[in-house]
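Taking it in order: structure first as structure tokens, then the write-up.
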Amino acid sequence: MKTLENVAAYRHFIDGEEQPSAGGRTFDVRNPANGTLVARVAEGGAGEVERAVDAARRAFADGRWSRLPVRERCRILSAFAQEIERALPSLSTLESTCTGRPLREMRAQLSRLPEFYRYFAAIARTAEDSVTPFEGPYLNYVRRVPLGVVGQITPWNHPLLILTKKLAPALAAGNTVVVKPSEYTPLTTLALARIALDAGMPPGVFNVVTGFGSEAGRALSSHPGLAKLDLTGGTETGRVVAQAAGANLVRVNCELGGKAPVIVLPDADLEQAAGGAIFAAFIASGQTCIAGARILVHESQAEEFAERMIARAEALRLGDPLLPSTQLGPLVSERQLQRTEHYVAVGMQEGAQIACGGKRATAPELRDGYFFEPTIFTGVRSPMRIAQEEIFGPVTCVLSYRNVDEAVRIANDIPFGLGASIWTSDAAKGMKLAERLECGIVWINDHHRIDPALPWGGMKGSGMGRECGIEGYREYTQTKSVVVNLDEPVDWYATTDVVRLS
Ligand code: TXE
């Protein structure tokens with residue numbers, strides 16, 4: 001049992017230093033697998049955000065990062081990537097302890113992080129500016145320059161991966177950053193800021209303010225000193241944050257909710273597709289914005305397919321996330337657990353059938369954690385709330401369709417549009433179908449697969465803007481045009497000649 005004296009204490013990371021909150025306010029971070037106290041963390045508000053933005057503004061203005069020769073900036077990013085690689089075992093354990101996600105998942109996910117810093121460093125190092133076909137004796141060259149101070153607000157489901165998708169391009173492009181991580185999972189973000197400093201990143205470039213969304217998050221998103229605000233969170237949070245930033249004419253990138261369809265075409269290998277659907281639905285206990293939450297199966301195969309999924313779901317091993325045998329961890333919080341239970345009740349009221357799961361896990365060793373059994377609803381129709389609203393728990397719905405047109409209608413009949421997957425043995429058929437889906441990312445015979453080069457973002461209520469890829473890098477830059485007159489300047493008032501100005 002941890003006593004208050006030996007609980008780890010974490011503070012904000014501002015200007016290259018750990019800093020407490022004014023008044024010494026703190027909040028607790030607990031392990032969702034067993035409720036134990038993991039750490040006491042400084043609770044920031046407007047004052048701490050002000051300090052962090054000011055440090056980032058100074059770091060940007062004096063050019064210690066933004067005007068560093070790009071080669072040097074990339075060298076530091078490569079050193080950062082290398083230090084992250086070295087720290088992967090401890091980062092994975094800490095991430096697993098705070099999110100409740102199985103260590104196996106965290107290791108697989110975090111092992112990709114260094115690649116993102118190397119990829120964006122390579123883009124910055126190889127980026128070439130352009131020259132426009134400006135008419136007349138002029139040279140118009142267009143440079144891409146950093147934006148300034150950017151605010152990044154991140155969630156608890158993939159704390160380091162989601163941060164990295166924003167941080168790597170922001171830093172590579174020369175911006176300075178203030179991050180407000182989720183109040184549930186701030187520890188690895190603080191650890192990452194320390195690693196960056198140790199890898200040679202100048203103080204003030206990467207700052208972290210910990211605290212709650214309603215206070216620290218609100219202060220950051222409404223700060224007029226930002227050049228951009230980048231959020232991953234719930235759709236409601238996205239609306240609030242975009243309004244606050246918009247009032248200051250701060251550009252906004254939002255990666256919000258989702259409810260991905262998994263479309264199983266009749267020609268698919270059903271066993272492979274069932275494995276894919278289970279992976280899509282239950283990785284991270286369904287707490288991902290691309291969770292396969294609607295499994296669309298041809299009516300002639302729906303029953304058989306559901307049976308295959310049920311067999312696999314019932315075989316999933318729930319347990320201590322740190323054990324290598326564990327396949328499904330707890331939900332991140334009591335709140336997510338209650339939300340999941342609420343939606344299961346809604347589904348039953350709506351007339352859907354629980355084919356497996358549907359309740360909190362009852363094994364004695366799981367009772368102190370937020371564990372919920374993997375749950376499959378059958379008999380679901382698209383207008384039902386369980387098929388329309390983001391549950392963000394280990395719950396998925398099987399829906400049947402009569403033909404491909406109906407599958408497309410169901411897939412698109414939702415306010416979200418982030419990810420989707422198609423399972424088929426005919427890639428051309430899959431590609432044709434992909435064209436008809438209203439979403440930002442479509443996998444064919446896979447799901448959840450990411451890469452730093454993949455432009456990531458949604459349509460409709462799933463957000464605006466794109467992370468990653470060359471587009472994601474560009475969104476952390478702005479153009480600056482320089483127009484050089486290669487001839488004698490026109491003395492406008494000294495002549496009566498007709499001179500074209502445009
Ligand atoms: O996320 P929040 P919550 C969805 C998912 C989940 C629901 C609620 O459906 O069930 O959102 O989760 C900060 N101003 N997603 O409430 O609140 C907050 O502190 C500024 C989808 O935990 O959106 C945290 O750092 N910031 C999603 C971040 O926003 C505010 C991932 C996200 O938290 C704020 C997470 C405010 N007013 C949840 N309110 C995805 N796309 O993957 C909160 N925050």
Side-chain angles (χ1 to χ4, degrees), residues 27 29 32 41 43-46 49 98-101 109 151-163 165-166 178-186 188-189 208-223 226 229-247 250 252-260 283-291 293 331-343 370 372 385-386 388-395 415-419 440-441 448 450 456-458 460-465 467:
F27 62 97
V29 170
V41 183
E43 183 186 337
V49 166
C98 299
T99 59
R101 295 189 49 192
Q109 185 170 82
Q152 301 182 336
I153 300 181
T154 54
W156 40 262
N157 50 346
H158 318 278
L160 282 183
L161 177 69
I162 287 175
L163 171 60
K165 290 200 276 179
K166 303 178 190 305
V178 177
V179 181
K180 206 299 281 173
S182 165
E183 49 274 37
Y184 294 105
T185 56
T188 48
T189 299
V208 183
V209 175
T210 49
F212 293 92
S214 53
E215 211 183 325
R218 188 189 297 257
L220 184 59
S221 58
S222 55
H223 200 292
L226 301 185
L229 196 276
D230 196 342
L231 163 88
T232 296
T235 299
E236 273 321 303
T237 308
R239 288 205 173 91
V240 173
V241 161
Q243 263 182 20
V250 168
V252 181
N253 191 86
C254 282
E255 206 268 67
L256 307 173
K259 199 161 173 86
I283 195 103
S285 295
Q287 300 167 116
T288 90
C289 46
I290 43 166
L331 295 170
V332 75
S333 61
E334 176 70 30
R335 198 170 130 225
Q336 281 310 121
L337 184 63
Q338 284 174 3
R339 181 184 171 115
T340 304
E341 279 182 314
H342 166 73
Y343 273 105
Y370 308 124
F372 199 84
R385 285 182 61 200
I386 53 166
Q388 289 290 319
E389 298 173 17
E390 195 175 44
I391 300 176
F392 234 61
V395 179
F416 299 113
L418 188 53
I441 307 139
H448 288 299
I450 57 156
W456 186 271
K460 306 194 282 191
S462 289
M464 48 193 182
E467 296 174 327

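Numbers here simply count residues along the sequence, with the first being 1. Predicted model, so just to flag it, every value in this text is computed and none were measured. Whatever order the structure lists them in is the order used to number ligands and atoms, beginning at 1.
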Return the residue, atom name and 0.1 Å-rounded distance of the protein heavy atom closest to [atom].
| atom | value |
| --- | --- |
| atom 36 (C) of ligand 1 | G213 O, 3.5 Å |
| atom 22 (O) of ligand 1 | W156 NE1, 2.6 Å |
| atom 18 (C) of ligand 1 | E183 OE1, 3.6 Å |
| atom 41 (N) of ligand 1 | L256 O, 2.7 Å |
| atom 9 (O) of ligand 1 | E390 OE1, 2.5 Å |
| atom 7 (C) of ligand 1 | R339 NH1, 3.8 Å |
| atom 29 (O) of ligand 1 | I153 CG2, 3.4 Å |

Just by modelled atom types, is the [Y] backbone N or O under 3.5 Å from a matching donor or acceptor in the [X] side chain?
| X | Y | answer |
| --- | --- | --- |
| R339 | R335 | no |
| S462 | G257 | yes |
| K180 | G211 | yes |
| E255 | E467 | no |
| R101 | N157 | yes |

Can K165 and T232 be said to form a side chain to side chain donor-acceptor pair (under 3.5 Å), step by step? CA-CA 10 Å; K165 290 200 276 179; T232 296; over 6 Å; no

Heavy atoms only: which of [options] lies closest to [atom]?
| atom | options | answer |
| --- | --- | --- |
| atom 28 (C) of ligand 1 | T154, T237, I290 | T154 |
| atom 31 (C) of ligand 1 | G151, P155, S222 | P155 |
| atom 11 (O) of ligand 1 | C254, G234, A219 | G234 |
| atom 20 (C) of ligand 1 | A284, G238, A291, G217 | G217 |

Indicate, as side chain, backbone, both or neither, the part of [X] found under 4.0 angstrom from ligand 1 when only non-hydrogen atoms are considered.
| X | result |
| --- | --- |
| L231 | side chain |
| Q287 | neither |
| V240 | side chain |
| N157 | side chain |

Evaluate the criterion side-chain contact (heavy atoms from CB on, under 4.5 Å) for residue pair V395 and I386; output intermediate values, then yes/no. CA-CA 9 Å; V395 179; I386 53 166; 6.0 Å; no

Does [X] come within less than 4.0 angstrom of ligand 1, counting non-hydrogen atoms of the residue?
| X | answer |
| --- | --- |
| E236 | no |
| T235 | no |
| R335 | yes |

With heavy-atom distances below 4.0 Å as the criterion, list the atoms of ligand 1 near E255.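 Every atom of ligand 1 under 4.0 Å from some heavy atom of E255: 41 (N).
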
Pair T99, Q287 - check side-chain contact (heavy atoms from CB on, under 4.5 Å), show working. CA-CA 10 Å; T99 59; Q287 300 167 116; over 6 Å; no

Residue list, ring pair (Phe, Tyr, Trp, His ring centres under 6.0 Å) with H223, at least two apart or on another chain: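 H223 satisfies ring pair (Phe, Tyr, Trp, His ring centres under 6.0 Å) with no other residue.
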
Starting from the C-alpha separation in whole Å, work towards a yes-or-no answer on side-chain contact (heavy atoms from CB on, under 4.5 Å) for L220 and V209. CA-CA 9 Å; L220 184 59; V209 175; over 6 Å; no

Partners of K259 by salt bridge (Lys or Arg N to Asp or Glu O under 4.0 Å), sequence neighbours excluded?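 Not a single residue meets the salt bridge (Lys or Arg N to Asp or Glu O under 4.0 Å) criterion with K259.
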
Verify atom 3 (P) of ligand 1: protein non-hydrogen atom under 4.0 angstrom away: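 Looking at atom 3 (P) of ligand 1, one finds that a protein heavy atom does lie closer than 4.0 Å.
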
Report the relative orientation of the aromatic rings in W156 and F392; use parallel for angles under 30°, tilted for 30 to 60°, perpendicular for over 60°.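 Rings of W156 and F392: perpendicular, as their planes differ by over 60°.
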
